[in-house]
Amino acid sequence: MTVRTTRRAFLSAATMMAAALAATACGSPQDTATGGGDSAAPVKVGLVYSQSGALASYGKQYIEGFKAGLDFATKGTGKVGDRTIELTEVDDAGDPAKAVSAAKDLIGKGTKIIAGSTASGVALQVAPIAAQNKVLFISGPAATDAVTGANKYTFRSGRQSYQDVVTAKSFIGDPTGKKVVVFAQDGAFGDANEAAVKAVIGSAGATVSSVRAPASATEFTPFASQIKAAKPDLLFVAWAGTTAPAMWQTLDQQGVLSSTTVVTGLDIRASWPTFGAAGAKISFLSHYFDGASDTEASKALKAKVNTTDLFHPDGFAAAQMVVRAAQEGGDDVDKMVTALEGWSFDGVKGKMTIRAADHALLQPMFQAKLTGSGTAFTATAQKSLTGDETAPPAVAMKG
């Protein structure tokens, strides 16, 4: 594991004038920074995320967003009250075992706030460690729905899969009587997406079926023919891997993209060229892209990283939550949890609310379109859905 430790300080004494605002459940971490606890000791924050491995590009965006968010939340002063925030960064390489080991090591050194988790598998292994040791855990880009309600000490700073699928549903309005086809590869990834579409769109009145392809498939004409024959009102595509360009080209050449509404998730900017000429014909559900919002937080983020991308907001929100927890809870983790539950704040995407019952993060989601081609694609928002519109069902807290 690679470990980097830096000292970052946030908030000056001048901001303490706003302390009265901290008692409300709505606002920005900029409002106050009293920083309870031992004023001579730093606030230790462990960031366990993918610096290497398959999701390293996601991790890079996360940490850039986190550091920009800390500057924003604390007005760049480097402290919460008089306490320095000390960050220790650890590379889990997307490996749950490495993440668990890192979390335990950080907790053993007195760290009471852990954030990160680029991968869902990592988040699901770290969450129980947080509960067992009564430390605050703020999961990052990991989208698995299972993080919501995992335990009282676990929160999330990104979106979850349910919010993706609800956004896809918004493209067809009332789903009652509509036909939806899921096109995905065989395997766990395809299974999860098909199950989510059935649970979210199927339960709302649509008929959901699927066309599945072997992960090894390189010829996609037969699958395109099956899709066209089904005549769906909505085609939901869940695809991963190097065959994506050939798959999209085939769907385009076989007329699938012109015969129905085709929806898929908009990944990081580096992936956009894989859509080729098909890119402008697809409707995208989007967690975030550069220009999706025009908030004070988004402006602050853009000033730091220039071109914002999919997972920058997750890091930014995590930093806002860390500052809120530290300034309200001091060294008392249970007080940190109480301070976060029910809290609304203005994030990169817009209004964010942490649902007290299960710690779901209610947030805007976006419909998007691509224009241009290849490396010159530009994304534009077609519609913004509110946090209430994309809210997942409340679940019972598991621990």
Side-chain angles (χ1 to χ4, degrees), residues 54 120 143-144 161-162 164-173 175-286 367-375 377 379 382:
S120 291
T144 176
S161 296
Y162 184 97
D164 285 340
V165 181
V166 168
T167 306
K169 180 168 74 81
S170 71
F171 283 96
I172 57 171
T176 303
K178 301 288 180 63
K179 295 174 64 177
V180 177
V181 170
V182 179
F183 182 37
Q185 294 147 307
D186 290 332
F189 179 70
D191 292 344
N193 277 275
E194 182 178 345
V197 173
K198 287 180 176 177
V200 177
I201 307 180
S203 65
T207 300
V208 179
S209 60
S210 67
V211 173
R212 303 290 290 270
S216 60
T218 56
E219 170 53 52
F220 300 103
T221 301
F223 306 108
S225 298
Q226 291 180 52
I227 293 167
K228 286 194 70 175
K231 297 182 179 179
D233 297 291
L234 173 70
L235 175 66
F236 183 90
V237 180
W239 208 267
T242 58
T243 58
M247 181 274 295
W248 287 116
Q249 182 180 45
T250 302
L251 292 189
D252 190 17
Q253 291 174 343
Q254 296 301 312
V256 173
L257 303 185
S258 59
S259 64
T260 188
T261 299
V262 179
V263 176
T264 195
L266 188 62
D267 202 348
I268 62 173
R269 178 180 292 271
S271 73
W272 296 359
T274 65
F275 295 111
K281 303 175 185 179
I282 302 167
S283 297
F284 294 95
L285 64 93
S286 177
Q367 292 183 0
K369 294 289 288 185
L370 292 180
T371 56
S373 61
T375 57
F377 272 131
Q382 303 297 295

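Everything quoted here is computed from the prediction, not taken from an experiment.
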Does the side chain of [Y] come within less than 4.5 Å of [X]'s, by heavy atoms?
X      : Y      : result
Val200 : Tyr162 : yes
Gln185 : Pro214 : no
Leu234 : Ile201 : yes
Leu370 : Ile282 : no

Which heavy atom in [X] sits nearest to a heavy atom in [Y], and how many Å separate them?
X      : Y      : result
Ala238 : Phe189 : C-CE2, 3.7 Å
Ala217 : Thr243 : O-CG2, 3.6 Å
Ala379 : Trp272 : CB-CH2, 3.6 Å
Val165 : Val197 : CG1-CA, 3.9 Å
Gly276 : Phe377 : O-CZ, 3.2 Å

*Would you check if the side chain of Thr176 reaches a backbone N or O of Gly205 as a donor-acceptor pair within less than 3.5 Å?*
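Here the side-chain-to-backbone pair does not exist.
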
*Is there a donor-acceptor pair under 3.5 Å between the side chain of Ser120 and the backbone N or O of Ala143?*
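A pair under 3.5 Å: yes.
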
*Of Asn193, Thr264, Leu285, Val263, the residue whose pairing with Asp164 passes side-chain contact (heavy atoms from CB on, under 4.5 Å)*: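 The option that passes is Leu285.
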
In a table with atom names and distances, give each donor-acceptor pair under 3.5 Å that connects a side chain of residues 222-230 to protein atoms at least two apart or in another chain.
from, atom 1, to, atom 2, distance (Å)
Ser225, OG, Thr221, O, 3.1
Lys228, NZ, Gln254, O, 3.2

Mind checking the [atom1]-[atom2] spacing from [X] to [Y]? Nearest 0.5 Å is all I need.
X      : Y      : atom1 : atom2 : value
Thr260 : Asp233 : OG1   : CG    : 6.5 Å
Glu219 : Met247 : CD    : CE    : 13.5 Å
Asp252 : Leu257 : CG    : CG    : 5.0 Å

Run the side-chain hydrogen bond (donor to acceptor under 3.5 Å, both in side chains) test against [X] and tell me which residues pass, sequence neighbours left out.
X      : result
Asp186 : none
Ser259 : none
Thr144 : none
Gln249 : none

*Does the pair Gln367 and Ser286 meet the rule for a side chain to side chain contact (heavy atoms under 4.5 Å, CB included), with working shown?*
CA-CA 6 Å; Gln367 292 183 0; Ser286 177; over 6 Å; no

*Taking only residues two or more places apart in sequence, or in another chain, which ones meet Lys178 in a salt bridge (Lys or Arg N to Asp or Glu O under 4.0 Å)?*
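Residues passing salt bridge (Lys or Arg N to Asp or Glu O under 4.0 Å) with Lys178: none at all.
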
*Passes side chain to side chain contact (heavy atoms under 4.5 Å, CB included), Arg212 versus Asp191? Steps please.*
CA-CA 9 Å; Arg212 303 290 290 270; Asp191 292 344; 2.8 Å; yes

*So, for Trp239 and Phe183, is the gap between ring centers shorter than 6.0 Å?*
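Yes: the rings meet the under 6.0 Å criterion.
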
*Please report the C-alpha distance between Val180 and Ile172 in whole Å, then the side-chain angles of each, then the deciding distance to 0.1 Å, and finally whether the side chain to side chain contact (heavy atoms under 4.5 Å, CB included) criterion is met.*
CA-CA 10 Å; Val180 177; Ile172 57 171; 4.1 Å; yes

*Quick one: sort the Phe275 and Phe284 rings into parallel, tilted or perpendicular, breaks at 30° and 60°.*
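Judged by the thresholds at 30° and 60°, the geometry between Phe275 and Phe284 is perpendicular.
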
